[in-house]
Each structure stands twice: as C-alpha cells, then as structure tokens.
Amino acid sequence: MTQNQPEQHEGLEAFLQRFFGAGNGVWPGLDPDYRFKDRTLPFVEALRRGDDAPAVLPRVYTDRDRFVVYVIAREPGERAKTAELIRAFAGPTYITYDEQVGIQPVWLDPADPVEQAIREYAGERTTFRLETGRTLEHRRNLAGALELMQRTQARRPPRMWRVAKPIGRLLAEFDAALSAGAETASSVVLDHLAASGVTAANLANLRIKRLDRLGRSEELLQLPELSDVVQQNLPLPVREAILNAVHAALEQPLAEGDLPAARARLEERGRFVPALLQTAVVDFGTPALSVLLLAATVLEDLPALRRLAGAVHGQARTDALPPLLWQEAQRVLAEGDAVAEPRADMAPGPQVAADDTPRAGQIVDSWPAFLAAVAAGSSEGTAAIEERSWSAWTPPADHDAVLANLLDGLENQAAEEVWRSVGAFIEAVGYEAPAGLTAHAFVRNAVAFDRFGPGDLAALQALAEIALRAAPSAKAYAELLDEIGAYRSRWVSPERAAIALDFVDRLFLAACPDQQSRATLAYGLLEPLWRHQQRLNEADLAFAKRLSREMDVPFSWQERAVHDGDQELPLSDLPSMKVLLYSLDEAVLTRCAEEIKQLAPGVDTARSSDHVGSSQLRQKARSADLVVIATRCAKHAATGFITQHARTQHIFYADGSGSASMLRAAVTGLRSAAGSR
C-alpha cells in the first residue's frame, strides 16, 4: 500500500471514494451528513493518518444482506503478522473461518467494484475478508474488536526498518528477539525476512521455531508447508519443535498411562513423525523423545527402537519417561529377539543419525570456540547456531572473562558477525548463573553498532539484566548504565515506553553499588516519557508513575491516559475476570500482579513460574479468562501445557521480559477479553 509522498493523499482519497461507492452501503460516498458515519469514521481516519496498523474497512452489500470487514496488511511481508493480530483480537469469537486452514488472505473478485478498488490500491493477497453473524450486535462486536486491534497496534513501538537490512542481520535480530521474549518484535522481523528473499524452506523453519517457543502446537501442526518441510534435512531444533507439538496431543493419555489412547492420538496428529525417526536424540527433551519412542514402538521399527532405547539408557533418562511407555518399548524389543543387536541395558555407542554426521574438521565444542567461529563467519559457527550445539556445553559463566576479552578484541567486521550468537547466549544463560562480563561486552557491541531495532532492544534489555544480576563492581555498574543511556534519544519514545520502563524496572530490582549512576539513567529514561505523557497508554502511564516513586524521580504525572477518552471503559470498571500470568521471573510476576490489582480491582490474578505442567497449573489455565505469557527462557513444557489446557481464546504474549512489557500485554488482553463478553 506504499505510494510516493506527493501522490499519497490523492491516491488514498480516490481509493476511499471507490471503496465507499457502488456496492457498499456502509457509508455512501463518504457523505459528511450521513447519520451513521461515526461507526466507520475511526477506520477511515486511521487509514488517513497512516497508523502503523493494518487498514480496516467495513462493507454492507447493497444487493443482499451481507456484512464483511476487509483487513488489509500494510505490505505483503506483513500478512502473517496481520493474521495473528486478527486471531488475537477477533478469533473464533467474532469471525467464522475454517480451523484447518486458519485465517488467510483472500483472492479478491475483479468483477466486484469494491474488491477491484482494493486490488488496484493494495495489490493481491494482502487482504483478509472477515464475516460474522447477521445481527447488528454481531456486526458491532466485530467492528469494536478490530477498532481495538488498530488502536493497540498503533501504540506499539514503531518499526525501525525503512531501509532494507542484510539477511544475516535480520536473522541475528530474529534469534535475539526470540530468545529475549519479544513476541511482537520476532513477528515483525519474520515479516521482513519473508520480504527479503529468504527461501521458503528457511522461512518455514523460523516460523516453526517461533510457534514452538510460543507453545502454539495446533497452529504449528496445521502449517501448510509442514509436509514439505519434514522431507528436508532439518536442523535439530526444528525437528524437536515438530515433535514437541505432537507431544501436546499425547501428553494427557501418556500421563494417565493410557497407551491405546496415546497411540490413537499419534496416528491422528503424528503423520510427520515417521520421517523424523532417524533423528539423533542426544539433546532432545523428554517430550520429543517420548514421541519418537512411542512411534518406533507402534511401527515396531526395531533398529530405531534399539537406538532410542540405547540413548535413553545411556543418558540415564528412563525415570523421566512415562513408565508404561518405557515398559512397552522394552516388551517390543524383547519380542523382536534383539539378541544380536545392542541391548537397551548395554552401554550404547555414539548415537548419530545418518544426516547428522559431523563435518570434517569441526571443532566447535565450547563457548570460546563458538564465538570465535561465528566472528570468523565460518560454516561451523553457523551450524552450531542452527543445531543449538551450545546446549550441550558447559555454561558461558564458566568462560566469562575469556568470552568478554574475545568480544572486546574483535575488529569491526568480526564484531558485526558475532552478534549472530547473542540469542544463543541469552538463552544459554537463562535465569541461572549469569555471565556478566560477556553480557556487558555484548552491550558495548550493541551500542557501537547502533543496534536499536525492536529485536535488538529486547536483547539489549536482556543483556543488561544478565549483567546487573552478576553484581558488577561500582565502576563496571556505572559504565554499563552510561553505555545504555548514551544513545537513549535514538530509541526512547512514548511508542516504545514499555522498553524504557523495563530498563528502569530492572534498575530498581537489581543491587545498586552506585546510586548516582542509577538515578541519572532512571531520570534520562523517564524524562522523555514524562514530557510526552499525554501519548502514553494506561498501562505505561501507571507503571511510569510507580517507577517514578520507587526511583525517587520527582515528575508530576497526569491522573489518567487522556487519549483513551470516553470511548473506553475505565479499567477500574472492568467486569470480574481471572487472569493467569506466566514468567520465570517471579519478581516480574509480583509487580505486574500488584499493578493489575491497582488498575482493575475486579480482576483476580494467578501467577505461575513452573518449568513443567502440573495439576495446579492446569487448573489455573482452565479457569483463566485471560492468559499472559512472557516467553524469555520459558520452558516449552510449561508454555505448551498452558496453551493446550487454556479454555480461553485470549492468550497474549509480553513483548519483552520486564514488568512493564507484561503489564502492557495484560491490559491489552483485559480489554480484549472484556469486549468479548
């Protein structure tokens, strides 16, 4: 929908006249005196303003009783993101669509004057046609949900890329965003990768990894390209992601010891599993391993079963598997008379699948070797990223000083290359022993190379959290805060308020060896938000007030977010609802729950930081009207468990790992859930 600036206004108005012309009775000819124009005006104004959100335009057919809403992606590369937004805000509650196909762009009818106008203005395959029930209430509900979608998306941090980035840079930012828990940022980067020429196979791999991280198993298994993907030489993380998605359907019968039911679900959901049976399983989690073991047992594939059983025994993982599944595997092996083959109770040899044979000369087997290989741009470094080889190594904290010195000693090109490993570093450190010196060196890298895109900023915040958690000296602490604040004018804005607030939130939570440095950065990050506080949304304003008090930054904040106006119900008047907050950072959960209680007293908030599913987590997920998940360092077993058992369609993801990001997602989700009642 992009046009040259001189032609933009003229072209847009000509399009609107055609769209609201013959064949559309929702606002005939944009007549300023039309009595029902106020229902459509917000959508037209959003398009005229050029909001960073999909266009939404309603239509009432003039020749029959039919109402539809067209949602138009800003550009072809944003189709996947637009579909996700529609699902999140309208979903099956307000619109009808085939669950097997999902929400997809439509082919517009060139014989229809309204749809032909869209084709000429926006091009093919960027438009979604949404339908709902026939009553006026159904139509108003859909329009309200999509108006909320537009407002929410317009308030998100603006996209940073107006100039194309190299594919390698985008891949690095995607990995960083995914590891740092920046859900929206990872989606935006994925759209840019789709438009930058990445092959369909590689794009599918990235999409699978993202859906796995979000725990969206059903959506993963329904990807149209999945049948082609499994026939290729997939990276191990992509294979495990597919198996994890299958396991979500088997989890309950396996836990209950109901093997016939588990087999039936495997036959129903696991049609791609046989193609993955020859995968090496050394670094697989229990869910993926369980799926492979059950499949080999059902198929009576004795070579695969012997190999899997040997790996399980050799890694002492028998206790992690469902007992009946392991017993059944042993029974099938015994009946197969495996006397001449390595038995499951014998020490196994190296377990390497045929398509995972190590490359000649491959020596990347530690974090120092890994960073050196990535910095050199070698294929071994790229392979270690794609295969997640680093997950089997001793943690970065064991090599902290060595890694920091390596990073600080790199020349420009090598320093540019090594950022490709930052996502792996963040994920490997997790919330365990921090590698503070290495994290600080990565921060210096980010600042030196102006890494202020959405995914980069999420990574920068995660790196700062790791560095601060390592209890740096007063000198290192002051240097870190000075580096973060030096270029704040390039990225701190009301639209990116949650990112700045997450930084200040972490300053408050971390130990402070230098009060003056902390106060200086807190002031520097809050001051631009205070000056433009009339542009803050209610979640960001509320948390800015809290941080201002906690950090003793004496700004005078307005009482409420003025741009919400009278059209939105105050949060304090929201109906009674139950919310589940999930994060591995318990301090973030506590602070977010406290703010929700202040903003919406009628909301009952439950919290969870479980690494795996449990009966308690199942009950919380089932009873929640809204689920909010922070995915940074989250365990698939928990996020997949939550999305599997949640009965609500309102599942929102924090675009970061801090309290402000989670609160923003929670407030957006509360309004969406309340609007569907």
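For the numbers below, each heavy atom of this structure counts, side chains included, while hydrogens, waters and symmetry mates do not. Fair warning: this is a prediction, and the values are worked out from it, not measured in the lab.
The shortest side-chain heavy-atom distance between Val612 and Phe641 does not fall under the 4.5 Å cut-off. Considering only heavy atoms from C-beta on, Leu507 comes within 4.5 Å of Leu481 through its side chain. Using a 4.5 Å heavy-atom threshold, the side chains of Ser217 and Leu220 count as separate. Here the side chains of Pro235 and Asn205 are in contact, with some heavy-atom distance below 4.5 Å.
Between the Asp655 side chain and the Ala185 main chain, a donor and an acceptor come within less than 3.5 Å of each other. Without hydrogens or angle criteria, Asn244 side chain to Glu240 main chain gives a donor-acceptor distance under 3.5 Å. Arg74 places a side-chain N or O within 3.5 Å of a backbone atom of Asp51 that can act as its donor or acceptor partner. A donor-acceptor pair is defined here as one N or O able to donate and one able to accept, closer than 3.5 Å; no such pair exists between the side chain of Thr668 and the backbone of Ala665.
The aromatic ring centres of Phe370 and Trp393 sit less than 6.0 Å apart.
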Test log, rule side-chain contact (heavy atoms from CB on, under 4.5 Å), inputs Asp212 and Lys209
CA-CA 5 Å; Asp212 178 57; Lys209 288 170 59 178; 5.7 Å; no
Between Phe508 and Arg591, is a side-chain contact (heavy atoms from CB on, under 4.5 Å) present by the stated rule, with each step listed?
CA-CA 11 Å; Phe508 176 76; Arg591 290 165 70 74; 3.3 Å; yes
Assess whether salt bridge (charged side-chain N to carboxylate O under 4.0 Å, His left out) is satisfied between Arg216 and Glu84, documenting all intermediate values.
CA-CA 12 Å; Arg216 283 154 54 172; Glu84 290 189 7; 3.5 Å; yes
Dump the intermediate steps for side-chain contact (heavy atoms from CB on, under 4.5 Å) on Leu571 and Val667, then the final yes or no.
CA-CA 8 Å; Leu571 287 173; Val667 168; 4.0 Å; yes
Evaluate side-chain contact (heavy atoms from CB on, under 4.5 Å) for Glu183 paired with Leu214, printing each intermediate quantity in order.
CA-CA 8 Å; Glu183 185 270 341; Leu214 300 178; 3.8 Å; yes
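The closest side-chain donor-acceptor pair between Asn537 and Arg151, if any, does not fall under 3.5 angstrom. For the 3.5 Å distance criterion, the side chains of His399 and Thr438 fail to qualify, holding no donor opposite an acceptor. For the residue pair Gln461 and Ser657, a side-chain donor N or O sits within less than 3.5 Å of a side-chain acceptor on the partner. For the 3.5 Å distance criterion, the side chains of Thr639 and Arg213 fail to qualify, holding no donor opposite an acceptor. Defined by atom type and a distance below 3.5 Å, a donor-acceptor pair is present between the side-chain atoms of Trp419 and Asp456. A side-chain donor from one of Gln516 and Thr520 sits under 3.5 Å from a side-chain acceptor of the other. Residues Asp502 and Ser661 bring a donor and an acceptor atom of their side chains to less than 3.5 Å of each other. Between His192 and Glu173, the side chains place no donor N or O within less than 3.5 Å of an acceptor N or O (distance only, hydrogens not considered). Residues Glu594 and Gln598 have side chains that never bring a donor and an acceptor to within less than 3.5 angstrom of each other.
Note that SG of Cys592 is 6.0 Å distant from CE of Met662, once rounded to the nearest 0.5 Å. Interatomic distance, Glu538 CD to Ser572 OG, rounded to the nearest 0.5 Å: 10.0 Å.
Aromatic ring orientation, Phe425 versus Trp367: perpendicular (interplanar angle above 60°, classes split at 30° and 60°).
The cationic atom of Arg632 (NZ for Lys, CZ for Arg) lies less than 6.0 Å from the six-membered ring centre of Tyr431 and within 45° of the ring axis.
Residues passing the ring-ring contact (aromatic ring centres under 6.0 Å, His included) test with Tyr523, sequence neighbours excluded: Phe555.
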